[in-house]
Amino acid sequence: MKCRICKEKAVIKIRRHNLPLCRKHFIERFESETRRVIKRYKMFTRNDKIAVAVSGGKDSLSLLYCLNKLGYNVTGIYINLGIFKENYSANSQEYVIKFKEKFNLPVIIYDIKENQGKGIEDLLKRGRGEKPCSVCGMVKRYLMNRLAIEEGCNVVATGHNLDDEASRLFGNIIYWQEEHIEHQFPVLPEENGLLKKVKPFTFFTEKETSLYAILNGIPYIRDECPYSIGAKTIKYKEILNKLENDSPGTKYRFLKGFYEFKNKVKIENLRSFKGTKNCKKCGMPTTREICTFCMAFENHPFIKSVQNISISEKE
Ligand code: AMP
Ligand code: FES
Ligand code: ZN
Ligand code: ZN
């Protein structure tokens with residue numbers, strides 16, 4: 001298989017375009033596509049300071065690497081969630097440190113057990129076989145936003161890819177989760193203490209982001225979180241991959257068509273968060289007196305620098 005552009009040996013065939021590419025032309029296309037999506041959805045410019053939430057996986061580390069290469073002002077934020085099962089948090093943190101040292105990029109490492117006194121697994125009610133994923137999602141969303149503000153960033157970028165987003169959409173449609181469908185988009189505007197959130201890799205498949213990581217020598221953790229095993233989203237990914245195999249481009253058309261349809265909806269209405277209060281403990285936006293994050297960690301208050309924080313005060 002030869003590269004369509006230069007006839008050198010191809011490293012991948014982008015099936016939805018029937019396009020074989022060599023290493024050089026794959027990387028070039030990947031980076032120019034990233035830039036195009038950032039502009040198309042008005043995600044950020046070189047004047048913004050972007051917090052890239054990194055998990056130690058291929059998508060988010062590639063995103064940090066790629067945005068830095070494209071000349072954006074980036075800082076990585078890694079949250080050690082305190083997942084001790086299969087040593088998952090410790091292992092993923094090791095990859096983040098390897099990455100940081102190899103490419104000499106700024107990455108903040110925040111350990112919730114050290115700072116809050118409890119890790120994700122400690123927040124579960126004992127002996128009920130409960131999975132931490134929903135509380136983990138809440139903790140990640142909260143901390144990504146708060147740590148980004150503390151670092152003086154004005155945008156949060158995550159590494160969600162086409163497989164993540166298409167499977168999420170699929171699940172939301174099957175169970176007709178109107179509320180979630182309403183707020184799924186590659187860019188969510190800044191609102192009331194929540195920074196703008198963006199997903200620049202929303203149109204790249206997992207295969208493309210992992211190839212980009214490999215070709216650039218990015219070290220990344222290959223294991224998934226042990227709690228994600230058997231998760232419905234993984235089943236949806238398998239179903240979509242079957243459709244994709246029969247008809248390349250299905251995943252892309254499914255998600256892109258949805259975004260185009262949504263473009264008719266006003267972007268200002270995309271935020272799910274309608275909180276108007278500020279948490280009495282940490283000052284972050286909430287719909288209650290005390291936010292869900294502070295409730296979860298209630299025995300370990302951490303009200304250090306952030307008493308009554310507001311974005312305008314920080315800036
Ligand atoms: P996941 O929910 O694990 O599929 O991750 C989706 C995105 O959330 C990743 O691409 C990262 O941008 C971000 N993320 C996941 N885990 C972490 C973490 N421990 N620390 C910081 N960001 C994370
Ligand atoms: Fe949060 Fe698996 S990463 S529960
Ligand atoms: Zn080529
Ligand atoms: Zn709070």
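In this text, all values refer to a predicted model and were calculated from it rather than measured experimentally. When a ligand or atom number is given, it counts from 1 through the structure's own listing order.
- For atom 1 (P) of ligand 1, the closest non-hydrogen atom on the protein side is Lys140 NZ, 4.3 Å.
- Under the 4.5 Å side-chain criterion, counting only non-hydrogen atoms from C-beta, Lys281 is not in contact with Cys291.
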Original post:
Do Ser55 and Ser60 pass the side-chain hydrogen bond (donor to acceptor under 3.5 Å, both in side chains) test, and can you show the C-alpha distance, the side-chain angles, and the key distance before you say yes or no?
Top reply: CA-CA 6 Å; Ser55 62; Ser60 50; 3.2 Å; yes
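- Inspection of the Tyr259 and Thr202 side chains reveals an N or O donor paired with an N or O acceptor under 3.5 Å.
- Closest protein heavy atom to atom 15 (C) of ligand 1: Ser55 CB, 3.5 Å.
- Cation-pi check for Arg146 over Tyr142 is not met; the charged atom does not lie both under 6.0 angstrom from the ring centroid and within 45 degrees of its normal.
- Counting the atoms of ligand 1 from 1 in the order shown, those under 4.0 Å from a heavy atom of Ser60 are 10 (O), 11 (C), 12 (O).
- Contact annotation for Leu81 and ligand 1: only side-chain heavy atoms (C-beta onward) come within less than 4.0 Å of the ligand.
- Here the protein heavy atom with the shortest distance to atom 2 (Fe) of ligand 2 is Cys225 SG, 2.2 Å.
- Of all protein heavy atoms, the one lying nearest to atom 19 (N) of ligand 1 is Ile79 O, 2.9 Å.
- Checked for salt-bridge contact, Asp122 and Lys113 meet the test: a charged N lies under 4.0 Å from a carboxylate O.
- Stacking of Lys251 on the aromatic ring of Phe254 is not recorded, the 6.0 Å distance cut-off and the 45° axial limit not both being met.
- Classification of the Phe293-Phe297 ring pair by plane angle, with boundaries at 30° and 60°, yields tilted.
- By the definition of a contact as any protein heavy atom under 4.0 Å away, atom 22 (N) of ligand 1 is in contact.
- Between the Glu121 side chain and the Lys85 main chain, a donor and an acceptor come within less than 3.5 Å of each other.
- For atom 8 (O) of ligand 1, the closest non-hydrogen atom on the protein side is Met144 CE, 3.9 Å.
- The Zn ion (ligand 4) is the vertex of the angle joining SG of Cys282 and SG of Cys279, which measures 110° to the nearest 10°.
- Contact annotation: the side chain of Asn73 never approaches that of Asn47 to less than 4.5 Å [non-hydrogen atoms, C-beta and beyond].
- For Ala157, no nitrogen or oxygen atom sits less than 3.5 Å from a nitrogen or oxygen atom of ligand 1, counting backbone and side chain alike.
- Given atom 7 (C) of ligand 1, the protein heavy atom at minimum distance is His160 CE1, 3.7 Å.
- Of all protein heavy atoms, the one lying nearest to atom 1 (Fe) of ligand 2 is Cys136 SG, 2.1 Å.
- Taking a cut-off of under 4.0 Å to the non-hydrogen atoms of Ile77, the atoms of ligand 1 that pass are 21 (C).
- In this structure, Ser62 and Thr209 approach most closely via the heavy-atom pair OG-O, 3.6 Å.
- Here Val52 has no heavy atoms under 4.0 Å from ligand 1, in either its backbone or its side chain.
- Protein heavy atom nearest atom 11 (C) of ligand 1, with residue, atom name and distance: Ala53 O, 3.1 Å.
- Listed by number with element, the atoms of ligand 2 under 4.0 angstrom from any heavy atom of Cys133 are 4 (S).
- Counting only heavy atoms of the protein, atom 10 (O) of ligand 1 lies nearest to Gly159 N, 3.0 Å.
- The side-chain tip of Arg46 points at the ring of Tyr72 from less than 6.0 angstrom away and within 45° of straight on.
- Close approach of ligand 1 to Thr158 (heavy-atom distance below 4.0 Å) involves ligand atoms 12 (O).
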